[in-house]
Asker: 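Pasting a structure here, questions to come.
Values in this document were obtained by computation on a predicted structure and should not be read as measured data.
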Amino acid sequence: MIWLLAYRPFIDPLDLHDAWFFLLLPLAFFVSMAYKAVRVPTMAGYWKQVLWMSAQIVLGMVGLGAAFYIVIEWLVPMLAPVPL
Amino acid sequence: MHSVVGRTPSYDLPVPRADSGHAGTTFDPIAGLLALVLPGLGHAVQRRYRRAACICVGVLGLYFGGLLIGGLSVVDLRSPRTETRISFLAQAFVGPLAFATDRLHQTRFKTLTPGQRGSPPTLAPPGANRLEVSLGKVNEIGVLYTVLAGMLNFIVFLDALLPSVREEESDTPRTSGALDAVLSKGSSS
């Protein structure tokens, strides 16, 4: 907590090295907010569209992460085992 | 082809082409320019206030979110890291805010180690306003936030420059003066 004493918002970085993956949530929300404001034909149902797109981004990223984990941790060692 | 590119838009009554059934496109350089000055301003002058507010919050939320996460060092036109310098090409689409951020960084907070690329005349005095440079994932995510803000504002710029004329585009009630007065008088009698 000592680092908080000298912390200057917007100038010094946040110490989020252990929780960086949670930063995907606001990222997805703000991207959806700006993109859907341009894309939707009417503003009726705008927030529903924003939440749906945010969920799609988050689920897509989780899916991609899982797929890459399977490829790197399981498939590649199975297909090209490292000789001992 | 139903495009009407080149027509000067009327902010009072964006009238769709009734015969085509498709949305037309107008050309609005002033709104395009204003969209680059401040995210959402181009849509605001087109009287699309709700869209303007959502765009402003979305783009500036990403930009300031990136600065909050990664610190001032995520916007650095003279960074020794090539990827950070290239990132400024996208960040610049946020508008004068990105250039002001970089200027503030270069003149007030930049610290360079001996032998590092940079601009010595803009180097902050030693010990004064030392900037804690972000590293690793925090820096990358901060850069990603600000780059996405710039790229989204480019889409916003295109939408303000070439707005699609639709019935529901304007957030203000559509009225046509004399015609509406006659119609309302007829319905009340």
Asker: Identify the two heavy atoms, one from Pro26(A) and one from Tyr145(B), that lie closest to each other, and give their separation to 0.1 Å.
Answerer: CG-OH, 3.2 Å
Asker: Counting heavy-atom pairs under 4.5 Å with chain B, which one of Leu16(A), Val50(A), Leu23(A) comes out on top?
Answerer: Leu23(A)
Asker: Are Val62(A) and Ile72(A) linked, directly or through intermediate hydrophobic residues, by side-chain heavy-atom contacts shorter than 4.5 Å (ILVMFWY only)?
Answerer: no
Asker: Is it true that atom CZ of Phe157(B) has more than 12 heavy atoms of other residues, nucleotides or ligands lying nearer than 6.0 Å?
Answerer: yes
Asker: Of all the heavy-atom pairs spanning Leu27(A) and Leu144(B), show the shortest one and how long it is.
Answerer: CD2-CD2, 4.2 Å
Asker: Between the main-chain N or O of Val40(A) and the side-chain N or O of Arg51(B), is there a donor-acceptor pair closer than 3.5 Å?
Answerer: yes
Asker: Hey, what do you get for CZ (Phe30(A)) to CG (Leu152(B)), rounding to the nearest 0.5 Å?
Answerer: 12.0 Å
Asker: Using a 4.5 Å cut-off on heavy atoms from C-beta on, say whether the side chain of Pro9(A) contacts that of Leu68(B).
Answerer: yes
Asker: Give the cluster check for Val75(B) versus Ile86(B): same hydrophobic cluster or not, with ILVMFWY residues linked at side-chain heavy-atom distances below 4.5 Å.
Answerer: no
Asker: Report whether Trp47(A) and Tyr35(A) are members of the same hydrophobic cluster (ILVMFWY, side-chain heavy atoms less than 4.5 Å apart, transitive linking).
Answerer: yes
Asker: Tell me, yes or no, whether the heavy-atom count around Trp52(A) atom CH2, taken from other residues, nucleotides or ligands under 6.0 Å, exceeds 12.
Answerer: no
Asker: Report the C-alpha distance between Met43(A) and Tyr49(B) in whole Å, list the side-chain angles of each, state the deciding distance to 0.1 Å, and finish with yes or no for side chain to side chain contact (heavy atoms under 4.5 Å, CB included).
Answerer: CA-CA 11 Å; Met43(A) 292 303 276; Tyr49(B) 299 118; over 6 Å; no
Asker: Looking at every heavy atom in both Phe64(B) and Phe10(A), which two are closest together, and how far apart are they?
Answerer: O-CE2, 3.3 Å
Asker: Could you measure the distance from the CZ atom of Phe29(A) to the CG atom of Leu62(B)? Nearest 0.5 Å is fine.
Answerer: 10.5 Å
Asker: Non-hydrogen atoms of chain A under 4.5 Å away: do they reach the side chain of Ile55(B), the backbone, both or neither?
Answerer: both
Asker: Quick check on the interface: out of Ile141(B), Val59(B), Leu148(B), who has the most heavy-atom pairs with chain A under 4.5 Å?
Answerer: Ile141(B)
Asker: Minimum heavy-atom separation for Cys54(B) to Ala37(A), with atom names?
Answerer: CB-CB, 3.8 Å
Asker: Counting only heavy atoms from other residues, nucleotides and ligands, does the tally under 6.0 Å from CE of Met53(A) exceed 12?
Answerer: yes
Asker: Work out which heavy atom in Val138(B) is nearest to a heavy atom in Leu14(A); give both atom names and the distance.
Answerer: CG1-O, 3.5 Å
Asker: Is chain B contacted by the side chain of Tyr46(A), its backbone, both, or neither, given a heavy-atom distance below 4.5 Å?
Answerer: side chain
